[in-house]
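Note on naming: letters A, B, ... go to the chains in the order of the sequence lines (proteins, then strands), and numbering restarts at 1 for each one.
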Amino acid sequence: MTQTMEPQYNPQVIEPEIQQRWEEQQTFKVKEDFSKEKFYCLSMFPYPSGRLHMGHVRNYTIGDVISRYQRMLGKNVLQPIGWDAFGLPAENAAVENNIAPATWTYANIDHMRAQFKRLGFAYDWSREFATCKPDYYRWEQWLFIKLYQKGLVYRKNAIVNWDPVDQTVLANEQVVNGRGWRSGALIERREIPQWFIKITAYADELLDGLDKLEHWPEQVRTMQRNWIGRSEGLEIHFDVVNDDTPIEIFTTRPDTLMGSTYLCIAPQHPLAQRAAQASPDIQQFITACQHVQTAEAALATLEKQGIYSGFEAIHPLSGEKLPIWIANFVLMEYGTGAVMAVPAHDQRDYEFAQAYQLPIKQVITPTGNAACDLAHAAFTEQGILQNSGDFDGMDFATAFDAVETALQRLGKGKRQTHYRLRDWGVSRQRYWGAPIPIIYCDACGTVPVPEDALPIVLPEDVSFEGKGSPLRNITEFYHTQCPQCGKDAHRETDTFDTFVESSWYYARFACKNLDKAMLDDRVKYWTPVDQYVGGIEHAVMHLLYARLFHRLMRDEGLLNSDEPFSRLLTQGMVLRDGAKMSKSKGNTVDPDALIAKFGVDTVRLFAIFAAPPDQSLEWSDSGVEGCYRFLKRVWAFAYDHHDELKNFSADVRHNSNPSIDWNDVPRSLTSIRREMNELLKQARYDYQRQQFNTVVSGCMKLLNLLYKLIEINEPGYEPAHQLIMHKCFSIILRLLSPIAPFMTQYLWQELGFGELIVDAHWPKVATDALRTDQIELVVQINGKLRSRITVPANADQTSIETAALTDKKIQQHLQHKECHKIIVVPNKLVNLVVQ
RNA sequence: GCGAAAGUGGCGGAAUUGGUAUACGCGCUGGAUUUAGGUUCCAGUGGGGGCAACCCCGUGAGAGUUCGAGUCUCUCCUUUCGCACCA
């Protein structure tokens, strides 16, 4: 404890001092003591976009609060950080500023690293890495080849957005209203060969695994379930009149089969192509469909259009001839490229049938006597079959089986499990990404790069104009020899989707410098990640791909668990004036400016206090000032307390608990002590359930309590008074330290509590302090609050009822009325039910 | 369009299991300190009525279950997120 203390809170002086000390002492460098209980806390690593925004500050503060809290609980905590360094923005910046994507990326990383350090996050910086470095991405190239050998990756044609003016492939984000964002040209669908990872081979496991992720938010699990979309249905074949190839469809509603009045096929369906040869109108329609965007949202809101193909299908059971239509909303690449239309019982089919005057045939009637009016909408619920021949009168389940049996007998259909989930296309026609390790040889075909030839290094020193990949023009990259026959060959110029890098980085943090393998046994100690923190926008894609990669690595024998993230916290967005903070909206707040004005602790405190972690946070300048005011009040209290401390008993000063008989202490003091312990109990619970905003409220209440305590004067009971005060302040500092680590560290030492507060014991509740002999109960009449009574804590039901009924206010209310029933909720209330 | 959430004072939010609605903070009003502004401190603050005791209303809208609903169920409205090449 120092002799003097600054009266003014000056974060600009203390924060850099403490930051320097953490760095010098390597306070947060993790010790690999495998005998200790570990806690791996990870926030989704940032894309190095330039500067930190408030969303970053919030995300990484939440992760840091959890890390520091877990460390104070005594665990061996790993909290690493790195950079998701490949991506499209670097290419855009390269075009705009005439700078190589690598140069731009590394400069951003340097800037953001300095910002992270200023924010005081308890990272183990020795494990930092960037995914754009060959010693990282070489291992995903290695894994890709392993998957190739196992048949888990394959190449097939897939659609991209093609900008015919810029002669380049555009991301969905770069297509605005169907046009290229730079060229303004109408985008075309173009089919090119691309690499896919067979995520569908893991569909069942990814789906079933969700049930075990009990510490994930239910909404995320539901979204993933729906994304995978497992459904049971029938695959049905329709023969085509005057054509050899039958049309295959999948339906989850075979009970409506007899109500099918037409079929729809995709414009790219082979049959549609044949139809186009005979009809210029059909050809024109198909050409127009070339401009349908690839994004599903655009597709779904599209005006449904179609044209009769001239072909007819034969209904597999009735033999009826059904017209085959070509429709813009049916996609060749998903499913079979054809659907059976049942306009009476599917809303989309209904609208299409109305628009093109196609017949609507009702085959399902509601159960019971419920009305069913097909004049305005389809009836889409399950019911009882009618107009369906032998199937009439059956319910959904019976009809499902009967239709299946009937079709199977004819060889025209069978039961099938269908997934909405599609295989993961990982090819990107871009420069700034990890090269896909494949070689194309005229003689040998597609040849994977041999393991000992990895990594395939991406040249960083390139001139980048944004028109196609520069890799095609770099001879020493593009031209190579075939690993099998040695003849001239060329490399794949596509790079990996950046989701590949972010799918396994969490595991690499366990063994960052390893150059002999992707992972080693250390990963078995550290994974799974105990706490993962990140935005809800990643609920499906990133989190599903990481769950896939974890299993792929497990099946390579690199890991011994099934899931990458045991617990997930999805934090909300930072809003200002009700809209997401973003450069384009011009409503951002610069964290650096705030830190310069208030210090880091205030910024962190606000990020935590303003909203619960999983909800959106509304920015408020005056709210930040309120947080600053609170920290100043803490400092002011500490300053006075520091001054008073020399008058305190040696026991209290040295934090050795003096023995005090609390039964002998006046109620004015014991009630403060009880309140303090109740607030502590609540704060511990709030930490556990990760509701950190109310932890801050609790600390504010504790400080208010201390100011109340100062006003109390009980001569002869100074030791108890001092003890409560000193203890209460040490509790405030510890509860607050994960959130405002700088000030609390400074005061912890200044007031002689110890050295590093992050190594202090987490405060415990004195349960004896919570005991009370009298309790207050609320008395309600018909659920409305009418009075309060005080009863002994151990009062029985009868005496509580008597106390409630004889209460003066209650008697006034009960005049001339009869009480039927009394409900007593222990420790809470009494409700009198009155006529 | 499909999938997932959210809606509580002037504002951010609290209310652990269905049990005292609005804790804590901001803002505002009044007062103290200060030459002044700022800072700091004290008091008040959901709406309506009443001299007062106190009463009525009140958690997006409407219904329902219950002794009791912000919390559970249904319908609707609004906002946000995701939709496979932004990350």
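Phosphate contact (OP1/OP2 of B:rA14, side-chain N/O of A:T694, threshold under 4.0 Å): absent.
Residue-level contact check: A:F630 touches neither bases nor backbone, having no heavy atom under 4.0 Å from any strand. Among the atoms of the strands shown, only primed sugar atoms or phosphate atoms (P, OP1, OP2) are found under 4.0 Å from some heavy atom of A:Y47. A:K632 comes within contact range of the sugar-phosphate backbone alone, with a heavy-atom separation under 4.0 Å but no base atom that close. Residue-level contact check: A:Q194 touches the bases, meaning some heavy atom is under 4.0 Å from a base atom. A:R786 comes within 4.0 angstrom of the backbone, heavy atoms only, and of no base.
One atom, CG of A:N108, and another, P of B:rA87, lie 15 Å apart when rounded to the nearest Å. Nucleotide B:rA14 holds its P atom 15 Å from the CD atom of A:Q690, rounded to whole Å. Between the P atom of B:rA84 and the CE atom of A:M223 lies a distance of 15 Å, rounded to the nearest Å. If you measure from atom CD1 of A:I789 to atom P of B:rG19, you get 19 Å, rounded to the nearest angstrom. We find that CG of A:N172 is positioned 9 Å from P of B:rC83, with the value rounded to whole Å. Rounding to whole angstrom units, CD of residue A:E537 and P of B:rA5 are separated by 17 Å. Summarising the geometry, the separation between NZ on A:K304 and C1' on B:rC2 is reported as 11 Å, rounded to the nearest angstrom. A:D497 has its CG atom 7 Å from the P atom of B:rA87, to the nearest Å.
Taking atom C1' in both B:rU73 and B:rU80, the straight-line distance is 25 Å, to the nearest Å. Comparing B:rG60 with B:rG9, their C1' atoms sit 15 Å apart, to the nearest whole Å. Rounded to whole Å, the P atom of B:rA23 lies 16 Å from the corresponding atom of B:rU8. Distance noted for atom P between B:rC55 and B:rG1: 49 Å (whole Å). For the C1' atoms, the distance linking B:rC24 with B:rU79 amounts to 26 Å, nearest Å.
If you check B:rG13, B:rC81, B:rA84 against the side chain of A:M573, the one that comes closest is B:rC81. Considering only the side chain of A:N693, B:rG13 comes nearest among B:rU40, B:rG13, B:rG1.
In terms of heavy atoms, A:W216 sits closest to A:R547 at CH2-CD, 3.7 Å.
For a distance-only test at 3.5 Å, the side chain of A:R788 qualifies as a donor-acceptor partner of the base of B:rU20.
Contacts with RNA chain B (heavy atom under 4.0 Å) in residues 82-96 of chain A: A:D84, A:G87, A:L88, listed by number.
Counting heavy-atom neighbours within 6.0 Å of A:E818 CD, excluding the residue itself, gives a total of 12 or less.
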Close N or O pairs between protein and nucleotides 28-32 of chain B (under 3.5 Å):
none

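Among residues two or more places apart in sequence or in another chain, the side-chain contact (heavy atoms from CB on, under 4.5 Å) test is passed with A:K828 by A:V825.
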